[in-house]
Amino acid sequence: MTNSIREIPLSEGFFVIGSNTTENHPVIGSMIKNEVINKGKKLIVVDPRRIELARYADFYFQIKPGTNIAILNGFMHVLIKENLYDKEYVHSRCEGFEEMAHVIEKYTPEYVAQICGLDNPEDIVEAARLMARLKPMALYYSMGITQFVSGVNGVKSTANLQMLLGNVGIPGGGVNPLRGQNNVQGACDMGALPNTYPAYQPVASIENKAKFEAAWGVSNLSTTPGLTLLEMFNHAIEGNIKAIYAMGENPVMSDPNQKHVIEALKSLEFFVVQDIFLTETAQYAHVVLPVRSFLEKEGTVTNTERRVQLMHKVLPPVGDAKDDWWVIQEVARRMGANWNYKTSEDIFEEIRKVTPSYGGVTYKRAEYEIIQWPCPSEDHPGTQFLHKDKFTRGLGLFTPIDYTPPAEDADFEYPMILTTGRILYHFHTGTMTRKSKVLDENVREGYVEVNPIDAQNYNIENGEVISISSRRGSIRIKARITNTVKPNTVFIPFHFFEACANVLTIDAVDPISKIPEYKVCACRIEKINL
Amino acid sequence: METISLIIDGKKVHGEKGQTVLEVALKNGINIPYLCYHPKISKTGACRICLVRINGVALKASCVEPISEGMEVVTEDDEIIKIRKFVLELLLSDGDHNCLYCDANGACEFQSLVQRYSIEEIKPSKTRIPKEIDYESSNALRRNENRCILCGRCVKACKEIQVSNVWSFAERGSQTHLVADDGKKIGESSCVKCGTCAQLCPTGALTLQPVKGRGANWELTAIPSICIYCGVGCKIDFYKNKDNILVKAMGNYTGPNNGHLCVKGRFGFDFVHSDKRLKKPLIKKKGSFEEAEWDEALDLIASKLIEIKEKYGPDSIAALSSAKCTNEENYLLQKFVRSVIGTNNIDHCARL
Ligand code: SF4
Ligand code: SF4
Ligand code: SF4
Ligand code: FES
């Protein structure tokens, strides 16, 4: 997030796009609801599903999955055409406006409504006018923006809109991605990415190579960016990747195209998994190492607003389970590394030295203060919101972006659109939530949401087990008949291994971020009991 | 901010314009009792237990009384004690407070005030009517309305913090009671089981479901940590008993969540005690896993990785890091992959 959770009361309005906030980030969802319901703040929601927030929205747009960019361009079209954008801000703080405005020109409300499957183009005009009046307005998004082949462009479009409105770099505004996992932010910050060292320092740079070789006392660092997760699996099948070391991931469940992942894992010469359970993925390992759960370890995590927080050991370890860092160190030592970390704090002290944005964070500060990176030195208070007065690159850059359709559209053979996501009571692959009584009892099994009209057409009853197939595979799953989804669209939460949505999803990826297009693929539903 | 100075119990203290007498007193360690007040919800001024004397005359509810320059406050005198006792006795006679049976025993704000004001046993009032007990309908919440003091915190917690508007008061006078969604059982209502109403309830009228039977409140230890689920990063006080079993999770008020939690952060941690947890390293031999010692497993991994690296080069090895692991662990794994293996093949599920 460019801005902070505690700024929510400072916003005059909220634009939530591609985030089912009340289910996936419920605490932030409640804070937004409090502003809207109890304090009369404004809310605009764009989502293919009629999510809870849609109920309280001043404007709700139930778009066809994969058409975010079109509607964002539509709002911008109105703002530019009616001269409602923040001219002062755009001219003093940004560049590239003309080029973008040129692309935006053709996104008339009528054209956009047609792409997005909306009946009422006039609402796009009214919503844009409302946005222009909300000073400041905060934009929130999540995987409903990023999990498309056009994900990176979707992200850039949200930035275009917020810059056009003058909402970046001010309290209560911002472009605020909500991170799906408790430490995605930190894992990225720490360089658990194929192309960057900690703090997003590119591995391809000779200076960075020299810097990290000096810091780590080695001379073999590679300047070739590595493979992304999905590429790793492709390369494993092709025979170029021979060994994978997995720390607490469950790609068999979480990755698109499950069959492909399993094939990849089976083709490895050596596969190591360290985890707290024998997961669906660990079944394919040659060695499985027991590690401690988050309640049995100490260390820091960084939340969606860049805030670094300290976790404590609450419980003693189970059996012979060890800290993940201890395991890595033991393997490294056996491979010749001269490492000697005694606590996670020892590691953190090293992180501070090579990660400029974490330089001023200490365990003590993380425990007692609100510290958000960048925080370069111990006397620096941390950064509540980014891009104050100027953007990181100087001027904010507008990027002209055209709408491009998803990789797969509905056709004769697969006439419906499948979209996937999470629900309130479960998390990710369900490894943890399905073993927790209260959560499990609430939702025990997977289901597919089907619109009543489709249900009628296919003669499907609520609770009936139906078959869903895509070009990748087919599953059986209970139907839940609901207006949450539009006709011709179905939704499956991906937490349930026995009705695994990722048997169906497509592994087409965004060309830059390599994010798979989980949010849309073509599918077909069929009645089983005729 | 305009600073205001005033005198509370003879002590000169400062506050900011807009603060109440109670807030300034609490901040300065002066313990005015309160029941309907809670720092995270709007003010009600209903229970009258927080009465104080202002400028030698008027008795005012300190939780709603704004401070003013030069104000003199007395937080307790004979008359105030009498009124407080009267309020407590009235509440006791209208309810059924047998602490032995109560989940809140030892962690109850009402109990602690009854102790503080040395109230002797009170007979039930003649008009008292038994109220709803529902330990079953919800797997998240337990209710015993006979312990309810009608402070209204739960109503406001659900309205202002969770914003699901489940609770409201029905009827009036001695008939007043709580209803979920216009009269449904809590388990059948629109409650999303965030548990915030129970966290804010000052008594045992609303408590969390899986707590009972896992140890008395004074046997529990609370240690703060961070939720493992979504990226909000809620700070949670984890309560465990003497046998190191997790008992409950309460939202910590200093975290980004401001004390609030969702159902996952409140009830999502049984998995740590699951008997399916891995306890020993496993090595696959002839297609099935066998338990091994750490040394054997680690030696095997190191030798295999060295062998593969020598045979096919460092880029034939890849690692998956984890968005559920700490910064330190992510850092160390990428350092391992880059400096020990010699490749940049590391990624995690940020995109998924
Ligand atoms: S548990 Fe949460 S949603 Fe349910 S009644 Fe209490 S505050 Fe409301
Ligand atoms: S249930 Fe608890 S919080 Fe709610 S009114 Fe009764 S005593 Fe107060
Ligand atoms: S308690 Fe809920 S909202 Fe908070 S971090 Fe955990 S999952 Fe996210
Ligand atoms: S605490 Fe002040 S009236 Fe209840």
Side-chain angles (χ1 to χ4, degrees), chain A residues 5 25-27 30 33-34 179 181 183-184 186-187 190-192 194 203 216 218 220 226-229 232 242-249 254 270 286 288 290 293-295 299-300 303-304 309 311-312 314 318-319 324-325 328 330 332 334-335 337 344 347 351 427 432 435-436 438 441 515, chain B residues 139 162-163 223 225-226 228-233 238 244 256-257 260 262 267-268 270-272 274 276-284 297-298 301-302 304 308 312 316-334 336 339-340 342 344-345 347-348 350-352:
Chain A
I5 296 170
H25 300 88
V27 162
S30 287
K33 278 203 286 181
N34 185 31
R179 305 287 181 183
Q181 303 238 17
N183 202 30
V184 187
M190 292 301 112
V203 293
W216 293 343
V218 293
N220 62 338
L227 302 174
T228 63
L229 198 124
M232 287 176 196
K242 300 289 184 191
I244 292 184
Y245 192 112
M247 176 168 79
E249 288 285 84
S254 60
F270 194 56
H286 298 96
V288 182
S293 80
F294 82 112
L295 283 177
T300 59
N303 81 350
T304 191
Q309 301 193 89
M311 305 203 307
H312 295 285
V314 176
V318 169
D324 284 283
W325 65 261
I328 301 163
E330 286 301 316
R334 283 169 169 78
M335 294 180 70
S344 67
I347 305 170
I351 293 173
F427 185 74
M432 301 182 292
K435 293 191 180 73
S436 289
V438 174
E441 281 174 5
I515 296 188
Chain B
N139 63 1
Q162 167 54 36
V163 201
I223 301 170
S225 198
I226 310 300
I228 189 69
Y229 293 111
C230 83
V232 178
F238 288 98
N244 278 309
N257 47 322
H260 188 210
C262 80
F267 296 113
D270 297 354
F271 73 90
V272 299
S274 159
K276 299 208 176 73
R277 283 286 302 273
L278 289 170
K279 299 187 183 69
K280 279 269 192 189
L282 302 173
I283 297 178
K284 202 176 261 169
L298 293 166
I301 295 170
K304 270 296 212 181
I308 290 173
Y312 306 104
S316 66
I317 301 173
L320 302 180
S321 200
S322 172
K324 285 191 281 289
C325 286
T326 62
N327 289 330
E328 291 78 357
E329 289 156 349
N330 276 288
Y331 172 82
L332 212 61
L333 188 63
Q334 63 88 33
F336 169 73
S339 71
V340 180
N344 285 310
N345 289 338
D347 200 7
H348 70 286
R351 302 172 181 84
L352 310 181

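What's counted below: heavy atoms across the whole structure, side chains too, no hydrogens, waters or symmetry copies. Naming convention: chains lettered A, B, ... in sequence-line order (proteins, then strands); numbering from 1 in each chain.
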> Step by step, would you call A:Y245 with B:L333 a side chain to side chain contact (heavy atoms under 4.5 Å, CB included)?
Replying inline: CA-CA 10 Å; A:Y245 192 112; B:L333 188 63; 4.2 Å; yes
For the residue pair [X] and [Y], establish whether any side-chain heavy-atom pair is separated by less than 4.5 Å.
X	Y	result
B:K279	A:V318	yes
A:M190	B:E329	no
B:Y229	A:M432	yes

Kindly give the heavy-atom pair with the smallest separation between [X] and [Y], and that separation in Å.
X	Y	answer
A:I347	B:Y331	CG2-CD2, 3.7 Å
A:Q309	B:G233	NE2-O, 2.7 Å
A:D324	B:C325	OD2-SG, 3.8 Å
A:S344	B:E328	O-CG, 3.3 Å
A:G186	B:N327	CA-OD1, 3.1 Å
B:S339	A:N220	O-ND2, 3.1 Å

Mind ranking [options] by heavy-atom pairs under 4.5 Å with chain A and telling me who comes out on top?
options	value
B:L332, B:V340, B:I308	B:L332
B:I223, B:V272, B:N139, B:I317	B:N139
B:S322, B:A297, B:S316	B:S316
B:P281, B:A319, B:A318	B:A318
B:I283, B:N257, B:I301	B:I301

If we define contacts as heavy-atom pairs under 4.5 Å, which of [options] has the most with chain B?
options	answer
A:T300, A:I5, A:V314	A:T300
A:S293, A:G248, A:A192	A:A192
A:S30, A:G319, A:G191, A:G226	A:S30

Toward chain B, the part of [X] with a non-hydrogen atom under 4.5 Å:
X	answer
A:V288	both
A:L227	both
A:M232	side chain
A:V203	side chain
A:L295	side chain

>> Below 30° counts as parallel, above 60° as perpendicular, anything between as tilted: where do the rings of A:F294 and B:F271 land?
In response: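 A:F294 vs B:F271 ring planes: parallel.
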>> Can you tell me which portion of B:I228 sits under 4.5 Å from chain A's heavy atoms? Options are side chain, backbone, both or neither.
In response: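 Both parts, backbone and side chain.
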> Checking heavy atoms, do the side chain of B:Y312, its backbone, both or neither come under 4.5 Å from chain A?
Replying inline: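 For B:Y312, the side chain is the part near chain A, not the backbone.
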What distance do [X] atom [atom1] and [Y] atom [atom2] have between them, rounded to the nearest 0.5 Å?
X	Y	atom1	atom2	answer
B:F238	A:H312	CZ	NE2	11.5 Å
A:I328	B:S321	CD1	OG	7.0 Å
B:H348	A:Q181	NE2	CD	8.0 Å
B:L320	A:M247	CG	CE	9.5 Å

>> For B:T326 and A:W325: C-alpha separation, side-chain torsions, deciding distance, then whether side chain to side chain contact (heavy atoms under 4.5 Å, CB included) applies.
In response: CA-CA 9 Å; B:T326 62; A:W325 65 261; 5.7 Å; no
> Taking A:N303 for the side chain and B:V232 for the main chain, is one N or O donor matched with an acceptor at less than 3.5 Å?
Replying inline: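 Answer holds: yes.
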